[in-house]
Amino acid sequence: MAGADGVQVVGSRSRGEAFALKVMDGSMVAQVAAAVEVMDQLGWLDAGQREALAPRRLGRISNARGLEVGGRRAVFRLQPA
């Protein structure tokens, strides 16, 4: 996998922590959903932020006719290093 498509680096200066992720197909929708999930699993989000960002993490996928054809949700758990 070469190239920067689908790469995102997020840092928290106050925590002195950062993470990087790569979405293989470069999908920005998947990239944002994964970043929000990682921030939540790391404990970086409070209840208000979690609620405000929920549409970015979870969502339905509709086709051109407006019919629901799938959904988006995180299916990973971070493991301690």
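Just so you know, these numbers come straight off a predicted model, no measurement behind them.
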Discussion item. Could you work out, with salt bridge (charged side-chain N to carboxylate O under 4.0 Å, His left out) as the rule, every residue matching Arg50, not counting sequence neighbours?
Written reply: Asp40
Worksheet item: Do Val38 and Val10 come within less than 4.5 Å of each other through their side chains, counting heavy atoms only?
Response: no
Identify every side-chain donor-acceptor pair in residues 12-19 under 3.5 Å, counting partners at least two apart or on other chains, and give the distances.
| unit_1 | atom_1 | unit_2 | atom_2 | d |
| --- | --- | --- | --- | --- |
| Ser12 | OG | Ser14 | OG | 3.4 |
| Ser12 | OG | Arg15 | N | 3.3 |
| Arg15 | NH2 | Gly43 | O | 3.4 |
| Glu17 | OE1 | Trp44 | NE1 | 2.9 |

Worksheet, complete the sentence: To the nearest 0.5 Å, atom NZ of Lys22 lies from atom CD of Gln8 at 12.5 Å
Response to the item:
Residues at least two apart in sequence or cross-chain that pass side chain to side chain contact (heavy atoms under 4.5 Å, CB included) with Ala52, listed by chain then number, are none
Per-pair distances, 0.1 Å, donor-acceptor, side chain in residues 61-69, under 3.5 Å, sequence neighbours excluded:
| unit_1 | atom_1 | unit_2 | atom_2 | d |
| --- | --- | --- | --- | --- |
| Ser62 | OG | Arg60 | NE | 3.4 |
| Ser62 | OG | Arg60 | NH2 | 2.8 |
| Asn63 | OD1 | Arg65 | N | 2.9 |
| Asn63 | OD1 | Gly66 | N | 3.1 |
| Asn63 | OD1 | Leu67 | N | 3.0 |

Could you list the donor-acceptor pairs under 3.5 angstrom formed by side chains in residues 71-81, with sequence neighbours left out?
| unit_1 | atom_1 | unit_2 | atom_2 | d |
| --- | --- | --- | --- | --- |
| Arg72 | NH2 | Pro55 | O | 2.9 |
| Arg77 | NH1 | Gln41 | OE1 | 3.4 |

Discussion item. Looking at every heavy atom in both Val9 and Ala20, which two are closest together, and how far apart are they?
Written reply: CG2-CB, 3.9 Å
Worksheet item: Can you tell me how far CD of Glu51 sits from CG of Asp46, rounded to the nearest 0.5 angstrom?
Response: 10.5 Å
Worksheet item: Do Leu42 and Leu53 sit in the same hydrophobic cluster, where Ile, Leu, Val, Met, Phe, Trp and Tyr count as joined when their side-chain heavy atoms come under 4.5 Å apart?
Response: yes
Worksheet item: So how far is it from Met39 CE to Glu37 CD, rounded to the nearest 0.5 Å?
Response: 10.0 Å
Discussion item. Test: salt bridge (Lys or Arg N to Asp or Glu O under 4.0 Å). Region: residues 24-34. Which pairs qualify, not counting sequence neighbours?
Written reply: none
Worksheet item: Hey, is the main chain of Gly26 close enough, under 3.5 Å, to the side chain of Gln31 for a donor-acceptor pair?
Response: no
